[in-house]
Amino acid sequence: MKDGLEERAPIGARFFARPSEIVAPALLGALIITEIDGFRTAGRIVETEAYVGPSDEASHAAGRIGQTARNAVMFGEPGVAYVYRSYGIHWCLNVVTNERGFPAAVLIRAIEPVSGIETMRRRRALPPDAPDPAVGRGPGNLTRALGITGALDGHRLDQPPLIIARDSAIPQSAIAAGPRIGISRATDWPLRFWVRGNAAVSRNRS
DNA sequence: GAAACGATTATCT
DNA sequence: GATAATCGTTTCA
């Protein structure tokens, strides 16, 4: 497929070797590109959440939990995908941040479709009249649209089949922050970031 | 081995 | 806004 994404340079690992509360807003506007089952799909990140480390009680790697089989890649190299099963049903995509040994990550909560939208719609099995921004709205929905599964847990994000690349920068004035969603601890930490007013943001898009 | 709990979503009212 | 669906991961006995 000729979509102009063939030569898009991946973001280097150094970008991710910073605190997740820095990486999370910096990822807004970046592209996620997958080549799965023979189809290229791509979306622009418009919503993220930071999980900042062992002191973060809402994190899968909170200090009271420690390292387990599920969260192991959070303890490893930055710039790697952490993919986990949510509610036994959905896959959720994170990017590991900070340095090896310090468990932190950024959850990707929403994308707006950029390329391969027909493939994404087929994977989602959406009704034909569903608007485009609904295709990648929500962490479980975007992984399904992009074809991401647990097979990509631990995958480096600078090579196929799953790449994150820089694209349009989002002006600071267009980035909004607020409390994270769907958690029961540390609910007052403003670690959710989104592109203000973007239709693909999952909730409270103001 | 058993039980509780979700970093959610779809489908109601 | 409220709730059911649904099952992997973790924790506890």
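Lettering of chains follows the sequences in order, A, B, ..., and the numbering in each one begins at 1. Hydrogens, waters and symmetry mates are skipped; everything else that's a heavy atom, side chains included, is used.
Phosphate proximity of B/dT8 to A/R109: present, with a side-chain N or O under 4.0 Å from OP1 or OP2. Put simply, A/H60 has a side-chain N or O that comes within less than 4.0 Å of OP1 or OP2 on B/dA7. Of the side-chain N and O atoms in A/R124, one or more sit less than 4.0 angstrom from OP1 or OP2 of B/dA10.
Looking only at side-chain heavy atoms (C-beta outward), A/T48 and A/L107 stay at 4.5 Å or farther from each other. The shortest side-chain heavy-atom distance between A/V201 and A/R192 falls under the 4.5 Å cut-off. Side-chain contact between A/R180 and A/W189: present, with at least one pair of heavy atoms (C-beta onward) separated by less than 4.5 Å. Using a 4.5 Å cut-off on side-chain heavy atoms (C-beta onward), A/V96 and A/E77 make no contact. Side-chain contact between A/I11 and A/L157 is absent, with no heavy atoms from C-beta onward closer than 4.5 Å. Under the 4.5 Å side-chain criterion, counting only non-hydrogen atoms from C-beta, A/I32 is not in contact with A/I163.
If you take CH2 of A/W91 and C1' of C/dC7, they are 11 Å apart, rounded to a whole angstrom. Distance A/R180 CZ to B/dA7 P: 11 Å, rounded to the nearest Å. As a whole-Å value, the separation of A/R185 CZ from C/dT10 C1' is 13 Å. Rounded to whole Å, atom C1' of B/dT8 lies 8 Å from atom CG of A/N141. If you measure from atom CG of A/N94 to atom C1' of B/dT8, you get 14 Å, rounded to the nearest angstrom. Between A/Y84 atom OH and C/dT9 atom P there is a gap of 12 Å when expressed in whole angstrom units. Atom CD in A/E47 sits roughly 14 Å away from atom C1' in B/dT9 (whole-Å rounding). Across the protein-nucleic acid pair, A/R203 atom CZ and B/dT8 atom P stand 9 Å apart, rounded to whole Å.
Between A/R121 and A/D132, at least one side-chain N (NZ, or NE/NH1/NH2) sits under 4.0 Å from a carboxylate O, which counts as a salt bridge.
Of the residues in residues 67-74 of chain A, A/T68, A/R70 come within less than 4.0 Å of DNA chain C through at least one heavy atom, sorted by number.
Relative to the side chain of A/S184, the nucleotides B/dT8, C/dT11, B/dG6 differ in distance, and B/dG6 lies closest. When distances run from any side-chain atom of A/R85 to the nucleotides C/dG8, C/dT11, B/dA7, the shortest one goes to C/dG8.
Cation-pi contact between A/R85 and A/Y87: absent, since separation from the ring centre below 6.0 Å together with deviation from the ring axis within 45° is not met. By the 6.0 Å and 45° rule, A/R196 does not stack over the aromatic ring of A/W194.
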For this session: Determine, stepwise, if the pair A/H60 / A/Y84 fulfils ring-ring contact (aromatic ring centres under 6.0 Å, His included).
Result: CA-CA 10 Å; A/H60 288 171; A/Y84 70 92; 4.5 Å; yes
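In this structure, A/Y87 forms no aromatic stack with the base of C/dA5, since the conditions of centre separation below 5.5 Å and plane angle below 30° are not both met.
Using a 4.0 Å heavy-atom cutoff across all strands shown, A/I89 reaches at least one base atom of the nucleic acid.
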Exercise. Which dot-bracket string describes DNA chain B (Watson-Crick N1-N3 plus N6-O4 or O6-N4, or G-U N1-O2 and O6-N3, all under 3.5 Å; [ ] crossing; | other strand)?
Worked result: ||||||.|||||.
